[in-house]
Each structure stands twice: as C-alpha cells, then as structure tokens.
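Worksheet: the structure to be examined is printed underneath.
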Amino acid sequence: MSQSYVIVGDGIAGASAAETLREEDPEADITILTDEGEALYNRILIKEFAKGKLPEAPISIHDESWYDDRDVDLELNTLVTNIDPDAHTVTAHDGTEYEYDKLLLAIGGTPTQLPVENSDAEGIHHFWTFQDARNIKEHMEQAENSVVIGAGLLGIDLAAITAAQDVEGKYLMRGKAWWRYALSQDGAEIIHNALRERNVEPVFDSGVDHFEVDDEDRVTTAVDPNGDRYDADFVGIAIGLNFNTEILQGTDIEYDNGIYVDEYMRTNHDDIFAAGDITEFHDLILGERAQNGAWGSAKEQGTIAAKNMVDYGTEEFRWVSSYSITHFDFPFLSFGHPTLGDDHVEAKYSDTEWRRLAIKDGKIVGGVLIGDLSPQTKYKKLMREQVDISGQKDTLVKQDFELEDLEGAAAEQ
Ligand SMILES: Cc1cc2nc3c(=O)[nH]c(=O)nc-3n(C[C@H](O)[C@H](O)[C@H](O)COP(=O)(O)OP(=O)(O)OC[C@H]3O[C@@H](n4cnc5c(N)ncnc54)[C@H](O)[C@@H]3O)c2cc1C
C-alpha cells in the first residue's frame, strides 16, 4: 500500500522535502498544506523586490504546475489548526481533516511584534512574506522618512530598502553596535559607515518606547526610551521571530523555542518530523541543541527529513549554515553560530575588511567575514571537521591564512 505524507508549510524546507519524497517514494501520496496564498517563492529575494530592483516573476520558484507535474497535492490558503498524533490526522481552519502515515512540520516563524503602545498602527511593517514585501514596496515609494528597529540580519534588509528607495532613514539600535552579539565595535563600524553613506543614520542606545499616531491611526513618530522623537511615516520592525508552535499545544510533541528533533529530523513521535527554521535540532558539530535561520540550512533539513521519513536512519543532518548580505560595496558573510562560543578571535585589515571567529572548546563554531570572503571554505572545513585550533588563534586570522599554516594535528586534517 502506498504511504501518505502530509507536509505543513510550503517554504523551502517543506517544498524541498516534497521534491525528495517524490524522488524516494514514487508511489506515495504527498500533500502540502500552506496558509499562504501562493506557492514557494524565494524569501531571500523579496528584499530585492521591495527595493525596486527585481520584478515579481523571478522571485517565484514554483508555479502550481510544478506540483501537478510531480503529483503533489498543494492546498493553498489552508491553515492547519490542530494535530492529532494518535489519530494520525491534522485539521485545517475550515474543519477539513487530512490523514497521514508520516507528517512533516515545516512551519517556520512569524515576526515578533514590538510590545509598545501603537505598534499596530498603520504604516508599521514587519517583514517575512512576499505579501509583506509588496506592502513595504508600495508604502516606501511614497514615504518621506523612516525608522527601522532591529539591529540584526533582517533589520539591515529593511534599512537597505529605505536606502534603495531614497527615503531618509533612522536605524534605532539598543546597544552601541549593529548585531552586537556577533560583531565587535570594529566590525560593526564598517556596517555603520556603509549605512551612513546611504543616508541611513544609525542611532545607538535607542529603541522604541512608543509610537505616536495621527487621527487616522497612522504612525507619525517613534519615541525612544530617552524621550528622543523620530518622525517617520514608514516604520519597519525586525526584532526576531516567534516560532509557529501554537499548533503543538495540547499534543505531547516536544518543543521549546522550536520543535525538538534528532539528527534525522524526527520528533519524539516516530511518524512526525520537522524541518527548517522551526527545528531545535541536535547539532552534531556544535554538540548541543541549536536552531538555524537560514535558507540553505532549511533546504537541507527538508531533504534530510524526507529521506528519513521514507527510511529512518538513512542520513543525518550535519551542516555549516551561511548567510550573506549583499547590500553594500563589500561582501559580508556569517557562517555557523557566530553568536555562540566561549572564546573568539578577530582582526581588522582595512576600513572595509574584518573577520571574527567564534570558538567553543578550542574549535571554530561560527564566524563573520567582511570584505574578503575567500577564507570561508577553510574556516567552514575546520568547523565541519571539528579541528582543535587551541593555541593557534592568531594564525587563523592572518590575512592570507592557509590551512597548512596550522601546526600539528590540525594541519593534517
Ligand atoms: C526578508 C528576508 C530575507 C532573508 N534573507 C536571507 C538570506 O539572505 N540568507 C539566508 O540564508 N536566509 C535568509 N532569510 C531566512 C530564510 O528565508 C529562512 O531561514 C527560510 O526561508 C526558512 O524556511 P522554512 O521553510 O523553514 O520556513 P518559512 O519559509 O517561514 O516557511 C514556513 C511556511 O509555513 C507556513 N505555515 C506556518 N504555520 C502554518 C500552519 N499552521 N498551517 C499552514 N501553513 C503554515 C508559513 O506561512 C510559511 O509559508 C531571509 C528571510 C527573510 C524574511
């Protein structure tokens, strides 16, 4: 008898799982349920669309014929509201029940709301979906001044969109540096200068205490905790994700911030798997539970989950994720877990070239490269192979570092 697979979520994790399931199990029934109104698109590129640099068409990855060609049943606008692991069913908002032999939860996250007065006013945007990008673009084209909040990888996308649309911008940050958990002041200063060159002014030790609105409930001003006021008819907020775990309530599927899975992407239920941003997976390289928020990692997790749904134990997830920023004249790449570790080493080579490696128990667990990305393959190899680099930190950040420069056992890896 053919197996039935139900996938919740048609992001890159869910869609890549469907593709692999079809390859591995040609006879299976495969259904994808998504609450979005459109099939898989490239979430990474929606910022280029919002900047006005790309039309809609190339953002889309799959049209509906992609699913028909693979005999995959895609149900758009279908929000799953309940999971019954004992009955092996999921239920959608309209009451429709879907039975599964194996279930994949690839449900990602939803942008966190800022818990301050008037944060739901007209003109305040969050950024996760293509529809968000359309709304941002439309508003940005008429905006006069903007405020961006959230000093991380998504906040900087919003700041870059204001710059590309020639809207004067203030970028309010809580500390003294952009992405202060991964970059030092030296590294962050390169980013601050690049923002200033694009007419986006970083404001430090700031944030938002509340927003002021006009009679029509449109945002007019952001007031920071120091009482400083920033006029803005466009506000973009990117302060993190709330992972979509509500549908797990009432089940005994284990989760915390995300869904707990093993290295085969299986939950504590034999027939329920999870993949993508939503997982708290057992990171074989880090040696502890971790969560990734990156496209490549989500894609790989979808593929690995599918293989193990067909035949559990086939392949484990072992991956060094990367995330690049392409808004500036210099390249930027973060890899692994740059905000973790018990030690680090960094070096600055010029006004636009800097590196920092995060180290845990004498091994690289992540890093950030600005200006010159050429050593990334070497660092990722050392991380993937868990090479002990104790006592050789300075060698690692030599500008022209080569693997052969490492002494002893490390060099032979
Ligand atoms: C603007 C932006 C820029 C980014 N840039 C980069 C980048 O440069 N590099 C990089 O590596 N990563 C980037 N990312 C992150 C990357 O896009 C994500 O890590 C990746 O898309 C996660 O894929 P996913 O499939 O796990 O989750 P998602 O893409 O979030 O997909 C989950 C899907 O599940 C649906 N869903 C959730 N709950 C339910 C439910 N109950 N019922 C039905 N459907 C449900 C959601 O609507 C969504 O469609 C960016 C993200 C954004 C928003």
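Along the sequence shown, the residues carry numbers beginning at 1. First listed ligand is number 1; within each ligand, the first listed atom is number 1.
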Using a 4.5 Å cut-off on heavy atoms from C-beta on, say whether the side chain of Trp178 contacts that of Leu195. no

Out of curiosity, Asp277 CG to Asn244 CG, how far, rounded to the nearest 0.5 Å? 10.0 Å

Any salt bridge between Lys307 and Glu24, counting N to O under 4.0 Å? no

Which option wins on minimum heavy-atom distance to atom 13 (C) of ligand 1: Tyr323, Phe49, Trp295, Phe130? Tyr323

Under a 4.0 Å heavy-atom limit, does Ala298 contact ligand 1 with its side chain, its backbone, both, or neither? side chain

Atom indices of ligand 1, in the order listed, that fall short of 4.0 Å to a heavy atom of Gly11: 25 (O), 29 (O), 31 (O)

Give the residue, atom name and distance (to 0.1 Å) of the protein heavy atom nearest atom 45 (C) of ligand 1. Asp35 OD1, 3.5 Å

Side chain Ser16, main chain Ile12, donor-acceptor under 3.5 Å: yes

Can you tell which of Ala17, Gly9, Ala106 gets a heavy atom nearest to atom 32 (C) of ligand 1? Ala106

Could you tell me which atoms of ligand 1, counted from 1 in the order shown, lie closer than 4.0 angstrom to a heavy atom of Ser324? 8 (O)

Would you check if Ile149 and Ile239 make a side-chain contact, meaning some heavy-atom pair closer than 4.5 Å? yes

At less than 4.0 angstrom from any non-hydrogen atom of Leu79, what atoms of ligand 1 do you find? 40 (C), 41 (N), 42 (N)

Does an N or O anywhere in Gly296 fall below 3.5 Å from an N or O of ligand 1? no

From Arg180, Arg196, Lys176, residue fulfilling salt bridge (charged side-chain N to carboxylate O under 4.0 Å, His left out) relative to Glu189: Arg196

Any sub-3.5 Å donor-acceptor pair from Asn292's side-chain atoms to Ser321's backbone N or O? no

In terms of atom number and element, which parts of ligand 1 are under 4.0 angstrom from non-hydrogen atoms of Thr34? 43 (C), 44 (N)

Tell me: protein heavy atom nearest atom 25 (O) of ligand 1, and distance? Ala13 N, 3.0 Å

Number the atoms of ligand 1 from 1 as they appear, then name those within less than 4.0 Å of a heavy atom of Phe127, with their elements. 1 (C), 53 (C)

Mind checking whether Thr78 has a heavy atom under 4.0 Å from ligand 1? yes

Check for me whether Lys137 meets the cation-pi criterion with Phe49, that is, NZ or CZ under 6.0 Å from the six-membered ring centre and within 45 degrees of the ring axis. yes

What residue and atom, counting heavy atoms only, is the protein's closest point to atom 37 (C) of ligand 1, and at what distance? Ile107 O, 3.1 Å

Please list the nearest protein heavy atom to atom 30 (O) of ligand 1 with its residue and the distance rounded to 0.1 Å. Trp128 NE1, 2.9 Å

Heavy-atom contacts with Asn244 under 4.0 Å: which atoms of ligand 1 show up? List them by number with element. 37 (C), 38 (N)

Mark yes or no for whether His139, through its side chain, and Ile136, through its backbone, hold a donor-acceptor pair below 3.5 Å. no

Is it the case that the side chain of Gln301 and the backbone of Gly276 share a donor-acceptor pair, with hydrogens and angles ignored and the cut-off at 3.5 Å? yes

Atom indices of ligand 1, in the order listed, that fall short of 4.0 Å to a heavy atom of Ser322: 11 (O)

Backbone N/O of Ile272 and side chain of Thr267: donor-acceptor pair under 3.5 Å: yes

Proximal ligand 1 atoms for Glu36, defined as those under 4.0 Å from one of its heavy atoms: 47 (O), 48 (C), 49 (O)

